Amino acid sequence: MLPKTLEWKANLLRILDQTKLPHKVTYIECSDHRDVAEAISKMRVRGAPAIGVAAAFGLYLGIVDSKAKTYDEFLREFTSVERELLQTRPTARNLFWALERMKNILQDNRNELPEKLKRLLLKEAQDIYREDEDLCRKIGKNGAILIKDGDRILTHCNAGSLATAGIGTALGIIYTALGEGKKVKVYADETRPALQGARLTVWELIQAGVDVTLVCDSTAGILMRGKMIDIVLVGADRIAANGDFANKIGTYNLAILAKEHGVPFYVAAPYSTIDPALNSGSDIQIEEREAREVTHIAGQRITLNGVTVYNPVFDITPHQYVDGIITDQGLFKPNLLGKNFLDRGD
């Protein structure tokens, strides 16, 4: 059984430190919001759904010791903690979504005293956790319909249990298909520069008993040309209203290759990753990270000192390259997500 990515225990948030994988399984214990913010920004916890869950608990940890006596005092402290968490990862929609849910609890209960508000906020964070587990199960069931016995699946980055509170999104579909008795083979892109595929996806799939082969990111073209890939499954960090989506850098390349070679390309994500306020992918803010992620591997410099580095963490895949978006609500054509679906808020 795979270890839990996140655990709420004894008023602490325990986070599986993904920077130590695959060599060491170790947890960090977060006792305040700054611990959680550091874990998110340093990618000790990553994956849009997991980031959202962590942020919700982080917000609670930031205000649980508040001595505020009035709603207004409490709101000021809440807003300060919220601001720090919002600055950690600008692209992941679930971070903003989870914190919006926590803020709505505060606004809907403005007549309550701070001690009652704390209890309500903890319950909401726990509900977000449990909901993510359920959303992953539904995505797995809805996506497994697309998987045939013997399929060879290409995936990028990590969209499994390590990226969520549940079984994962893209990898959750694979686990569900296996549970239905289908045999599949997975090709996992290494996913430069942080190597989430090599370090995390391969580790996770092997722990789950899945047949997996690690490949360089640049190998996808020859795999597809050789008819060695039947379907591409990836996750998403933010999806615009028209179906354009942000995912780990290199996803756009895969989508173009898949279109050229006639390989179905699917995105798996919960409703919470869809941002109805954004008309298209051009509205998505792309996070850039430090040069060291590119210039070093495992702490070892691999290029010249002082070299100029461009390190966007995500790219935008236009919806015309996407065959379908697999959600907890079902399978959607990107241009048919529809306002009613995007407005879902329960």
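None of these values were measured; they are calculated from a predicted model.
Legend: ring pair (Phe, Tyr, Trp, His ring centres under 6.0 Å) pairs involving residues 179-232, not counting sequence neighbours: none detected.
Between Phe57 and Trp8, the distance separating the two ring centers is shorter than 6.0 angstrom.
Counting only distance, with no hydrogens or angles, the side chain of Asp132 and the backbone of Ala165 share a donor-acceptor pair below 3.5 Å. Of the possible donor and acceptor atoms, none in the side chain of Asp151 sits under 3.5 Å from a partner among the backbone N and O of Val184. Judged by distance alone, with hydrogens and angles left aside, the side-chain atoms of Arg152 form a donor-acceptor pair with the main-chain N or O of Lys227 at under 3.5 Å. Proximity of a side-chain donor or acceptor of Asp283 to a complementary backbone N or O of Asn279 within less than 3.5 Å is detected. In this structure, the side chain of Asp328 engages the main chain of Tyr271 through a donor-acceptor pair within 3.5 Å. Within the 3.5 Å criterion, the main-chain N or O of Leu106 finds a donor-acceptor partner in the side chain of Tyr71. Within the 3.5 Å criterion, the main-chain N or O of Thr295 finds no donor-acceptor partner in the side chain of Thr303. With hydrogens and angles ignored, the 3.5 Å screen pairs a side-chain donor or acceptor of Lys118 with a backbone N or O of Ser66. Using modelled atom types, no side-chain atom of Lys4 and backbone atom of Arg14 make a donor-acceptor pair closer than 3.5 Å. Between the side chain of Lys182 and the backbone N or O of Ile147, at least one donor-acceptor pair lies under 3.5 Å.
A salt bridge does not link Glu112 to Arg119: none of the charged nitrogens lies less than 4.0 Å from a carboxylate oxygen. Ion pair Asp275/Arg238 flagged as a salt bridge, since at least one NZ, NE, NH1 or NH2 atom sits closer than 4.0 Å to an Asp/Glu carboxylate oxygen. Salt bridge absent: Arg76 and Asp72 never bring a charged side-chain N and a carboxylate O closer than 4.0 Å. By the 4.0 Å N-to-carboxylate-O rule, Arg292 lies too far from Glu290 to be salt-bridged with it. For the pair Arg130 and Asp134, the salt-bridge criterion is not met [side-chain N within less than 4.0 Å of a carboxylate O].
From His33, atom NE2 reaches atom OG of Ser80 across 6.0 Å, with rounding to the nearest 0.5 Å. How far CZ of Arg44 is from CG of Leu16: 12.0 Å, rounded to the nearest 0.5 Å. For the atom pair Asn247 CG and Thr91 OG1, the distance stands at 11.0 Å (nearest 0.5 Å). Note that SG of Cys30 is 8.5 Å distant from CD1 of Ile40, once rounded to the nearest 0.5 Å. The distance from the CZ atom of Phe245 to the CG atom of Asp237 is 10.0 Å, given to the nearest 0.5 Å.
Side chains of Thr19 and Asp17: a donor-acceptor N/O pair is present below 3.5 angstrom, by distance only. Side chains of Glu204 and Tyr175: a donor-acceptor N/O pair is present below 3.5 angstrom, by distance only. Side-chain N/O atoms of Lys185 and Thr213 include a donor and acceptor closer than 3.5 Å. Ser280 and Asn242 share no donor-acceptor pair across their side chains, judged by distance under 3.5 Å alone. Asn158 and Arg46 share a donor-acceptor pair across their side chains, judged by distance under 3.5 Å alone.
Nearest heavy atom pair, residue Thr70 against residue Pro114, reads O-CG, 3.8 Å. Among all heavy-atom pairs drawn from Ala220 and Leu254, the shortest one is CB-CD2, 3.3 Å. Heavy atoms only, all atoms of each residue included: Ile302 and Val294 are closest at CD1-O, 3.6 Å.
Remark: Arg34 CZ is loosely packed, at most 12 non-hydrogen atoms of other residues, nucleotides or ligands lying under 6.0 Å away. More than 12 heavy-atom neighbours from other residues, nucleotides or ligands sit within 6.0 angstrom of CD1 on Ile256. Around CD of Gln300, the count of heavy atoms belonging to other residues, nucleotides or ligands within 6.0 Å does not exceed 12. Within a 6.0 Å radius of CZ in Arg301, other residues, nucleotides and ligands contribute more than 12 heavy atoms.
Under the salt bridge (charged side-chain N to carboxylate O under 4.0 Å, His left out) test applied with Arg89, the options Glu38, Glu288, Glu287 reduce to a single match, Glu287.
Within the 4.5 Å cutoff, side-chain heavy atoms of Tyr266 are placed close to those of Leu331.
Transitive grouping of hydrophobic side chains (ILVMFWY, heavy atoms separated by less than 4.5 Å) keeps Val212 and Leu223 in distinct clusters.
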